[in-house]
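Below: one structure, written as structure tokens.
The figures here come from the full heavy-atom set of this structure, side chains too, leaving out hydrogens, waters and symmetry mates.
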Amino acid sequence: VQLQASGGGLVQPGGSLRLSCVASGDIMRIGYMYWYRQAPGKGSEWVAQISPGGTAKVADSVKGRFTISRDNAKNTAYPQMSSLKPEDTAVYSCNASIVRATGSGIRTNIYWGQGTQVTVSS
């Protein structure tokens with residue numbers, strides 16, 4: 001099982017980006033999907049999460065600017081970021097709770113995707 005985050009890049013203040021986090025592999029079911037970010041010199045910050053049924057929640061620091069959706073058929077979550085600010089500059093990473101069938105039974109594990117860099121600058 002792998003998670004792949006993508007969609008980062010350089011954007012001007014006030015601009016928008018849509019990230020994606022795709023899970024692949026032998027997957028039975030994906031539970032909650034989460035996004036975190038880490039700015040230079042700072043700790044990791046939770047940004048958003050979305051339940052299997054589509055219930056979304058975002059951090060107060062991005063509320064009103066970021067949304068998150070998911071396509072269960074594609075095993076993908078999509079954070080949509082708008083009105084970006086320089087302080088949104090960070091490496092954005094995703095993780096997900098994934099259920100797999102293994103030779104020893106059903107297993108649920110947390111998987112992390114490699115981060116994608118978002119830089120907001122003029």
Side-chain angles (χ1 to χ4, degrees):
V1 173
Q2 288 188 328
L3 283 183
Q4 179 67 50
S6 62
L10 173 63
V11 62
Q12 292 188 340
S16 299
L17 275 178
R18 188 176 84 153
L19 307 182
S20 65
C21 177
V22 182
S24 61
D26 192 9
I27 297 170
M28 285 185 63
R29 186 169 64 252
I30 301 176
Y32 276 77
M33 300 183 81
Y34 301 86
W35 279 87
Y36 292 82
R37 67 184 181 184
Q38 186 164 18
K42 295 187 177 180
S44 181
E45 176 190 16
W46 168 78
V47 176
Q49 66 188 49
I50 187 163
S51 74
T55 300
K57 187 175 181 181
V58 299
D60 287 343
S61 59
V62 304
K63 195 166 290 184
R65 301 187 297 119
F66 289 15
T67 61
I68 184 169
S69 62
R70 68 189 281 170
D71 184 335
N72 289 332
K74 296 181 179 180
N75 292 337
T76 303
Y78 303 99
Q80 176 70 49
M81 310 186 296
S82 59
S83 301
L84 284 161
K85 305 175 181 179
E87 51 263 43
D88 294 318
T89 295
V91 174
Y92 286 73
S93 303
C94 60
N95 76 29
S97 172
I98 295 177
V99 181
R100 303 179 300 123
T102 72
S104 56
I106 305 300
R107 294 285 182 264
T108 301
N109 297 97
I110 303 296
Y111 292 86
W112 280 88
Q114 198 169 7
T116 184
Q117 175 71 48
V118 172
T119 302
V120 185
S121 174
S122 55

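Within a 6.0 Å radius of CD in Q114, no more than 12 heavy atoms belonging to other residues, nucleotides or ligands are found. Other residues, nucleotides and ligands contribute only 12 or fewer heavy atoms inside 6.0 Å of the CD atom of Q2.
Remark: side-chain polar atoms of S83 are not paired, donor with acceptor, to backbone N or O of G14 under 3.5 angstrom.
Here the closest heavy-atom approach between residue C21 and residue M33 is recorded as O-CE, 3.8 Å. Here the shortest heavy-atom pairing between P13 and S122 reads CD-N, 3.7 Å. Minimum heavy-atom separation, P52 to I30: CG-O, 3.7 Å. Closest of all the heavy-atom pairs between V58 and A48 is CG1-CB, 3.8 Å. Nearest heavy atom pair, residue Q80 against residue L17, reads NE2-O, 3.5 Å. Contact record, I68 with A56: CG2-CB, 3.5 Å, taken as the closest heavy-atom pair.
Atom CD in Q12 sits 11.5 Å away from atom CG in L84 (nearest 0.5 Å). To the nearest 0.5 Å, the span separating CG on N72 from CZ on R29 amounts to 11.5 Å. Interatomic distance, E45 CD to R37 CZ, rounded to the nearest 0.5 Å: 4.0 Å. Separation of atoms OG (S93) and CG (L19) is listed at 10.0 Å; rounding is to 0.5 Å. Distance check, rounded to the nearest 0.5 Å: CZ of R65 to CG of D88 gives 4.0 Å. Considering CD of Q49 and OG1 of T55, their distance stands at 9.5 Å, rounded to 0.5 Å.
Counting only residues at least two apart or in different chains, salt bridge (charged side-chain N to carboxylate O under 4.0 Å, His left out) contacts with residues 68-78 are absent. Note on residues 95-105: pairs passing side chain to side chain donor-acceptor pair (under 3.5 Å), not counting sequence neighbours, are R100-Y111, T102-S104, S104-R107.
The side-chain heavy atoms of P79 and F66, taken from C-beta on, include no pair separated by under 4.5 Å. Between Q117 and T89, the closest side-chain pair of non-hydrogen atoms falls below 4.5 Å. The shortest side-chain heavy-atom distance between V99 and I106 falls under the 4.5 Å cut-off.
Transitive grouping of hydrophobic side chains (ILVMFWY, heavy atoms separated by less than 4.5 Å) keeps Y36 and V120 in distinct clusters. Hydrophobic clustering, with ILVMFWY side chains joined whenever heavy atoms are under 4.5 angstrom apart, groups W112 together with Y34. Hydrophobic clustering of Ile, Leu, Val, Met, Phe, Trp and Tyr side chains at less than 4.5 Å, counting indirect connections, unites V62 with V11. A single hydrophobic cluster is seen to contain both W46 and I110, as judged by linkage of ILVMFWY side chains at heavy-atom distances under 4.5 Å, directly or through other members.
With respect to N75, the side-chain contact (heavy atoms from CB on, under 4.5 Å) criterion is satisfied by exactly one of I27, L3, V1: I27.
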Quiz item: Going through the checks in order, is the side-chain hydrogen bond (donor to acceptor under 3.5 Å, both in side chains) test met by S20 and S6?
Solution: CA-CA 5 Å; S20 65; S6 62; 3.0 Å; yes

Practice problem: Kindly determine whether K63 and D60 satisfy salt bridge (charged side-chain N to carboxylate O under 4.0 Å, His left out), including the steps that lead there. | Solution: CA-CA 5 Å; K63 195 166 290 184; D60 287 343; 3.0 Å; yes

